2 protein chains.
Amino acid sequence: MENPPITSYSTVPGVDALVNELIGRVADKWTLLVLEALEENGKTRFSALARAVPGISQKMLTQTLRQMERDGFVHRTVHPVIPPHVDYRLTPLGHGLGEAFCSVWLWAEANLQTVADARADFDARD
Amino acid sequence: MENPPITSYSTVPGVDALVNELIGRVADKWTLLVLEALEENGKTRFSALARAVPGISQKMLTQTLRQMERDGFVHRTVHPVIPPHVDYRLTPLGHGLGEAFCSVWLWAEANLQTVADARADFDARD
DNA sequence: CCGCATCCATTATGATACTG
DNA sequence: CAGTATCATAATGGATGCGG
């Protein structure tokens with residue numbers, strides 16, 4: 001090894017696994033796209049979210065929203081009317097997560113072309 | 001709606017879908033954990049990565065590394081010796097992605113307990 | 001031996017239809 | 001409208017094999 005491996009930023013043992021679990025939960029395609037949709041649109045209905053996140057299935061949207069609700073990122077409000085009306089909004093915790101991901105979003109926009117070029121290069125090599 | 005919906009930070013039409021595709025690629029559990037392992041350890045062997053990313057299968061490690069190589073995040077060096085020796089290191093592009101994700105990592109560490117509490121709350125409610 | 005490709009069981013996801 | 005249930009399909013993990 002060339003560098004002293006930093007296996008943790010924390011001094012508490014066993015935290016690594018927990019952080020990895022949380023990262024694994026949060027670093028999910030649909031979670032991230034739903035988060036962004038809620039960040040952009042504020043309080044949003046289920047059907048509007050389905051439209052705002054292109055390509056997501058109803059099942060994945062439901063499942064993702066449930067996970068995010070359980071993790072405390074999203075607050076779910078049911079209006080007992082007919083037809084049913086349910087809307088979702090970010091909690092402060094969820095908004096904080098969105099802010100943390102903001103730099104990733106900016107990176108993605110800034111490096112779209114670079115990645116495209118790298119792929120073309122790789123595919124051309126073999 | 002309560003806020004003016006910002007559907008894009010970019011002025012170029014059709015870029016949204018491309019950004020979403022890239023986000024989808026990058027917002028992957030294994031990609032992120034491998035990225036972090038490489039960020040922490042620098043140049044790392046395949047077998048060392050397998051150890052550094054607990055729970056990953058060899059197949060997923062291979063697949064994730066190939067994707068990251070194709071996207072230009074990782075450089076792969078093969079030393080033609082016996083036994084074989086292959087190591088991986090981040091490219092500047094990959095390092096930039098790691099920096100972008102740094103805030104997510106810090107957020108995860110800072111909010112571990114909050115999320116745990118939210119989950120306990122949710123599970124207790126029903 | 002190490003890196004990695006391949007086969008197979010298990011799990012996750014998608015498409016569609018249906019209910020309160 | 002907001003889900004749930006059901007079934008087909010794709011992704012993943014585990015074990016094994018193999019070339020260098």
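As the structure is a computational prediction, the values presented were derived from the model and not from experiment. Each chain gets a letter, A, B and so on, in the order the sequences are listed, and its residues count up from 1. The basis for the numbers below is simple: all heavy atoms, side chains too, and nothing from hydrogens, waters or symmetry mates.
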Item to check | Any R66(A) side-chain N or O less than 4.0 Å from OP1/OP2 of dA2(D) | outcome: no
Item to check | Donor + acceptor pair across side chains of Q113(B), D117(B) (<3.5 Å) | outcome: yes
Checklist entry - Say you draw a straight line from CD1 of I23(B) to CD of E36(A); how long is it, rounded to the nearest 0.5 Å? => result 8.0 Å
Checklist entry - Under 4.0 Å between a side-chain N or O of R76(A) and OP1 or OP2 of dA2(D)? => result no
Checklist entry - Heavy atoms under 4.0 Å, any strand shown: does Q63(B) hit a base, just sugar-phosphate, or nothing? => result sugar-phosphate
Item to check | Integer-rounded Å distance: dT6(C) C1' and M60(B) CE | outcome: 13 Å
Item to check | Residues D121(A) and R125(A) bridged, charged N to O under 4.0 Å | outcome: yes
Checklist entry - With respect to the phosphate group of dC1(D), does any side-chain polar atom (N or O) of R45(A) fall under 4.0 Å of OP1 or OP2? => result no
Checklist entry - Taking the side chain of V86(B) as heavy atoms from C-beta outward, which of dG3(C), dT13(C), dC8(C) is closest to it? => result dG3(C)
Item to check | Between C1' of dG3(C) and NE2 of H79(B), the distance in whole Å | outcome: 14 Å
Checklist entry - Do any side-chain nitrogens or oxygens of Y88(B) fall under 4.0 Å of OP1 or OP2 in dG3(C)? => result no
Item to check | Euclidean distance, atom CG of residue L65(A) to atom P of dA2(D) [Å, nearest integer] | outcome: 11 Å
Item to check | Between P of dA12(C) and CD1 of I56(A), the distance in whole Å | outcome: 16 Å
Checklist entry - Does a donor on one side chain and an acceptor on the other come within less than 3.5 Å for H95(B) and E39(B)? => result yes
Next on the checklist: If I take atom CZ in residue F46(B) and atom P in nucleotide dC1(C), what distance separates them, rounded to the nearest angstrom?
Outcome noted: 18 Å
Next on the checklist: Rounded to whole Å, please give me the gap between NZ in K29(B) and P in dA12(C).
Outcome noted: 10 Å
Next on the checklist: Can you see whether T31(B) engages T64(B) through a side-chain donor-acceptor pair at a distance of less than 3.5 angstrom?
Outcome noted: no
Checklist entry - Which nucleotide in the list dG13(D), dT13(C), dC2(C) gets nearest to the side chain of P83(B)? => result dC2(C)
Checklist entry - Hey, is the side chain of W30(B) poking within less than 4.0 Å of OP1 or OP2 on dA11(D), counting only N and O atoms? => result no
Item to check | Nearest-Å distance for atom pair CG/P, residues L61(A) and dG14(C) | outcome: 11 Å
Next on the checklist: Looking at dG3(C), I'd like to know if its phosphate oxygens (OP1 or OP2) sit under 4.0 Å from a side-chain N or O belonging to S47(B).
Outcome noted: yes
Next on the checklist: Let me spell it out: for each of S57(B) and P84(A), pick the nucleotide of DNA chain D with the closest heavy atom. Which residue's pick is nearer the 5' end?
Outcome noted: P84(A)
Item to check | Separation of atom CD1 in I82(B) from atom C1' in dC1(C), rounded to whole Å | outcome: 10 Å
